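We name chains A, B, ... by the order of the sequence lines, and we start the count at 1 in each one. Just the heavy atoms: all of them, side chains too, but no hydrogens, waters or symmetry mates, feed the values below. It should be emphasised that the depicted structure is a prediction, and the values quoted were computed from it without experimental measurement.
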Protein chains: 2
Amino acid sequence: MADGILTIADRIHSKLDDMTRAERQLAHSILENYPASGLGPLAALAKVANVSVPTVARMVQKLGFKGYPEFQAELREELKATVQNPIAKHDTWAEGAPSGHVLNQFTDAVIDNIRHTLAQIDPDKFDEACAMVADQTKPLYIVGGRVSHTLAEYLFLHTQILRPNVTHIQSTSNAWPHYLLDVGPNDVFVIFDVRRYENNTLKLAEMAHACGAKIILFTDQWRSPVHQLAEISFSGRIVVPSAWDSVATLMLLVETMIAAVQNVDWDDTKDRMEQLEDMFDQTKLFRKFT
Amino acid sequence: MADGILTIADRIHSKLDDMTRAERQLAHSILENYPASGLGPLAALAKVANVSVPTVARMVQKLGFKGYPEFQAELREELKATVQNPIAKHDTWAEGAPSGHVLNQFTDAVIDNIRHTLAQIDPDKFDEACAMVADQTKPLYIVGGRVSHTLAEYLFLHTQILRPNVTHIQSTSNAWPHYLLDVGPNDVFVIFDVRRYENNTLKLAEMAHACGAKIILFTDQWRSPVHQLAEISFSGRIVVPSAWDSVATLMLLVETMIAAVQNVDWDDTKDRMEQLEDMFDQTKLFRKFT
DNA sequence: TTCGCCCTGTTACAAATATAACAAAATTCT
DNA sequence: AGAATTTTGTTATATTTGTAACAGGGCGAA
């Protein structure tokens, strides 16, 4: 943004944590398509966010504006500063497919999700989380639920190569309490929880938290209740034109995290990877890539 | 604002020639910093353009709007479309992160992968593949290797809800030959194979092919050798700035396929999903989303 | 459970904003 | 040049829009 001054989006984002239910709902709605939604009439914004009109007025004041018009004025200023380039044409992804084809619809939605998700991530927090995952002195536990299990497993598969002392726990299994026996303040938990949020996962998080373990949470835009226990949370947008949610965005975050962690101590990583290569060669499970 | 319709800026430009003095003055003022200036109150716009208030109102009507508010509404729509346009090269995804930050590098790469991948997919082939997966009269087998196992499992998890008669085979397991005993020409295999390509997966594919089963393959841009046996192949770009490859693109394809399959026979899908909901409610594994 | 606090929404009022009607310039045509 | 027409600005009104005051409801503490 213009010369280091905080944008309104930044301000909203920073206050997101100590907001109430209705306010958070509203905040997300504003950030949803920022800044367009904030430039309409107050009542319209309230409606799409499903909150009452005064809630909007109050929140705007809490953000430090004298009133809604002033808030809008600043939004316009931001806009003036950012948007100089003309409106770009939107072409379809899969060429030859009608734009209504599921391929294009889905891709649009996912790209959109990525955009919104990345815009809300604090790079410092992300680095911090990566450092925690990379820290070999701290035992690492990776937890997934029914659907998010896929993500957990993928992270596990790779961190296992990157470092020792990693454990994968399925919260849907009855066996998970066993794993918590030795958990202490030195341990790090990476927890995946997207709706429908799972009781088991919450219980597990509570117990880990009670033991003093640090929690890193990957969740969706509505945030799993685990986020109150978490040191660091990342919430990805997961809405797509389907009966289910999309984990593609979270997958991107996980892969990014893997890439970041492997860079923290590259020499060590390299050694471990070469060892693995050797072992695979010996088992002849894989062919050489030609 | 969607496909092909003129933007307001376009409209103004086209009428610029047969405008009067005051109108042209106003028009230039609007285009000066577009669209911000048009999103403020009418009076403010009149002031910066040095014209009277009604001049603005009249011109807006000449442009074909019922009134100033309607004009603003369309401006906002345009803005929404612009800012959401995924292709519009936003310098950075995670704002506030230096563009060299791993978050931005990785996201750029993945978006790029998605574009290239989608551009190469034949929508008809995709529909065909979806129809095969949706066909409940044909037994469905889903096969994944060491890394691609994650994708296979994700597809399995969902197709299992969508239809009966789905089997998940891990090619890394020694048990997989058992599954092939009953395979015949009526069966469909969805196989995931990315580098490093696995011998087991190829063997399995060969045997399935020999039995006359149809194969749908998800692979990477270099194509697993399985592709010679496959009825339909989809190859995703998977290169990212990391020691590993990215499965995010393939995950997108898998999710799209799930969405497409669920639409093939939505009534049936709905029934099955409701049944599942009931069962989850009974086990109280999940909390209701509030 | 009951009290009290804080959040949220409904209603009512005040301010601003846009539109309509009218009047004054400016421009054009004869 | 003078009348007619078009363009522009001023004033007044009606509507929208934002804000303040009030009341209901949820949640936690005692």
Can you tell me which nucleotide in [options] comes closest to the side chain of [X]?
X: B/Pro54; options: D/dT10, D/dT19, C/dT19; answer: D/dT10
X: A/Ala22; options: C/dG9, C/dA18, D/dT19; answer: C/dG9
X: B/Tyr68; options: D/dT8, D/dT19, C/dA18; answer: C/dA18

Tell me what [X] touches on the nucleic acid: a base, only sugar-phosphate, or nothing, going by heavy atoms under 4.0 Å.
X: B/Arg58; result: base
X: B/Pro41; result: sugar-phosphate
X: B/Val53; result: base

>> Between B/Arg76 and B/Gln72, is there a side-chain donor-acceptor contact under 3.5 Å, judged purely by atom types and distance?
In response: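 No, because no side-chain N or O of B/Gln72 sits under 3.5 Å from a partner of the opposite role on B/Arg76.
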If the cut-off is 4.0 Å, is [X] near the phosphate of [N], judged by side-chain N/O to OP1 or OP2?
X: B/Thr55; N: D/dT7; value: no
X: A/Thr20; N: C/dT8; value: yes
X: A/Gln61; N: D/dA20; value: yes

Rounded interatomic separation in angstrom, taking [atom1] from [X] and [atom2] from [N]:
X: A/Leu42; N: D/dA20; atom1: CG; atom2: P; value: 12 Å
X: B/Arg21; N: C/dT28; atom1: CZ; atom2: P; value: 13 Å
X: B/Lys62; N: C/dT19; atom1: NZ; atom2: P; value: 15 Å
X: A/Met59; N: C/dG9; atom1: CE; atom2: P; value: 13 Å
X: B/Glu70; N: C/dA18; atom1: CD; atom2: P; value: 14 Å

>> Applying the ring-ring contact (aromatic ring centres under 6.0 Å, His included) criterion to A/Phe189, which one of A/Tyr141, A/Trp176, A/Phe218 satisfies it?
In response: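 Of the listed options, the one satisfying the test is A/Tyr141.
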> Do side-chain atoms of B/Gln262 reach the backbone of A/Ser242 as a donor and acceptor pair under 3.5 angstrom?
Replying inline: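 Not at all, since once roles are kept as given, no pair shorter than 3.5 Å links the two residues.
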>> So that I can tick it off, tell me whether A/Glu23 and A/Lys15 are bridged by a salt bridge, with the cut-off set at under 4.0 angstrom between side-chain N and carboxylate O.
In response: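 Salt bridge flag = no for A/Glu23 with A/Lys15.
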>> Counting C-beta onward and ignoring hydrogens, is there a side-chain heavy-atom pair between A/Val147 and A/Phe192 closer than 4.5 Å?
In response: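 No, their side chains stay 4.5 Å or more apart.
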